[in-house]
Chemist: 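Encoded as structure tokens, here's the structure I'll be asking about.
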Amino acid sequence: MESNDSQDSHFGDFLRINKAEDIYKQMFKLSLLPIIIHDMEMNIIDVNKAALDEFGYSYEEIRAIKVYDLHSESEIKHSEEVLNVMKQENIVSTETSFRRKDGSEFFAEVTPCKYLLENKPIIHVYIKNITERKHNEEKLFDALEKAKENERLKAAFLANMSHEIRTPLNSVFGFSTLLNEENITDSDKKRYASIIASSSSHLLYLINDLIDISKIDAGQIKVVNTTFELHSVLKSLYSIYHSLLISKNKYDIHLKLNLPGEENYIISDETRLRQILFNLLGNALKFTETGSIEFGYAIEDDNLNFFVKDTGIGIPEDSKESIFNRFEQGRKSIGKIYGGTGLGLAIAKSCVQLLDGKIWFESEVNVGTSFFFKIKYKQGEPVPGNNKTNTNGRIGFNNELILVAEDDEFNYDYLDTLLKGFNLRVVRTITGKDTIKEALSNDDLSLILMDIQMPEKNGLEATEEILKHKPKLPIIAQTAYAFQGDREKCLRAGCVDYISKPIERSELLKLIRKNIYIR
Ligand code: ADP
């Protein structure tokens, strides 16, 4: 007796059952997996609590409907599945989707078991909600597809890049060799030199595109708003593209610039705006043989609406979705025929987005393409003297002395030739240490062109050291890197300005003119 009492108190919270089969009833009732028992006419005979929770019905409600009412799919499909299950020897799970009472749907793995009860077939199914797993699988699948697509684009890009780089390099290499040959006429010399120049500038565009894309990826491009004359930007693009048309012998194209009445000073990022138009015009020129290329803008509802329209080959329907994607060139053969990297529109789109704008296009094959983009119109006040050449009236100089810190022989040679052409004297150093020594001992210097990467103390350290003793000496940094951070680093070290290689003659002249120390 005593022991029974102690047993009772020990198992007091146990559920009492009378028959062993009641254990199985409890298992059905308390199972965490929803279970439905139904007959072959799809009448629901019984469900457990987990099923009621999952489907959101009360017991009475669910008993009043049929199994296929719980399905998102059609009744036929479910009946077919049931029939299939009936034919199977073993238990097989299938995946299907269900609809809850509130209309929401979920995906489930369904495991049915069949019985004959008094010669009537009945089925019980376990329903395991696998929606999250399915979503994860879909995400993984999408990511895999994207990775494969990126891989394909990258491979196509590399093949194309190799072609793109080799072609202009081939011209540079070939024609510079030819320049050295005896007996070439002056006119041939000029022609070879101009081919070398244009091939090099093509290479430069290519490298700039690649750098821009990496900068965009690294989030390094920041909007720099200034006030500038919109018309002079568009006019300068017009003259660049007009000369390009002539140099490419595209005489059958009429280039038109469409400007509204008066000049507009606007506040925006001039570099980005140029970059967008430059890319769109470049494409218009590339994909058009005859007819016209027209570009310009209009002010509508506080927006600047830009357009670049051409009468070129057009963009086929099946390429329209993808042309803004990186490395995407629309038709497969287009890269081979017209060249390009598939980066121009991706860059243009990113720049438009940086300016909080929108870009789109309309195109018809063999009729032409019109690109449009709009950005907010912010009117600026005219800036006195900002637009015109900021010169002191002199093209050349007065024999002032420039220190060129440059370790590369060819780069120095180029600078030496340019500077002497501007009527400047040049003294050279090739290490950071020597530069400091020369700068501090030579009181005749009017400016330093400082290469940033130099042996024995880099250009930034040398700049800081020199400025400690000669704070007024203007130092312009010159570097082969073109990342935004570099410019800031140079300015922080005390340089008055910054120029990136390859150095363009007019750009260098402008910078020297602006900064040179006149005694
Ligand atoms: P790229 O010009 O270097 O190939 P882009 O990103 O600038 O790369 O352009 C992507 C593709 O869009 C081009 O290869 C071309 O198929 C199509 N495209 C762009 N602009 C035009 C245009 N004005 N006319 C016809 N097709 C164009």
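All heavy atoms count here, side chains included; hydrogens, waters and symmetry mates do not. Just so you know, ligand 1 is whichever comes first in the structure, and atom 1 is the first atom listed for that ligand. Each residue takes its place number in the sequence, starting with 1.
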Chemist: Is there side-chain contact between Glu400 and Ile516, with heavy atoms separated by less than 4.5 Å?
Modeler: yes

Chemist: Between Lys146 and Glu149 (salt bridge meaning N to carboxylate O under 4.0 Å), is one present in this structure?
Modeler: no

Chemist: For Gly344 and ligand 1, does the shortest N/O to N/O distance drop below 3.5 Å?
Modeler: yes

Chemist: Contact between Phe324 and ligand 1, counting heavy atoms under 4.0 Å?
Modeler: no

Chemist: For the residue pair His231 and Tyr297, is the inter-centroid distance of their aromatic rings smaller than 6.0 Å?
Modeler: yes

Chemist: Identify, by atom number and element, the atoms of ligand 1 in contact range of Leu345, meaning under 4.0 Å from any of its heavy atoms.
Modeler: 5 (P), 6 (O), 7 (O), 9 (O), 10 (C), 12 (O), 19 (C)

Chemist: Would you mind running through ligand 1 and noting each atom that sits below 4.0 Å from a heavy atom of Ile315?
Modeler: 18 (N), 25 (C), 26 (N), 27 (C)

Chemist: Report the member of Ala284, Ala348, Gly314, Ser319 with the shortest heavy-atom distance to atom 25 (C) of ligand 1.
Modeler: Gly314

Chemist: Does the side chain of Glu406 come within less than 4.5 Å of Gln478's, by heavy atoms?
Modeler: yes

Chemist: Within ligand 1, which atoms have a heavy atom of Leu343 less than 4.0 Å away?
Modeler: 6 (O), 8 (O)

Chemist: Should Lys235 and Leu257 count as side-chain neighbours, where that means a heavy-atom distance under 4.5 Å?
Modeler: yes

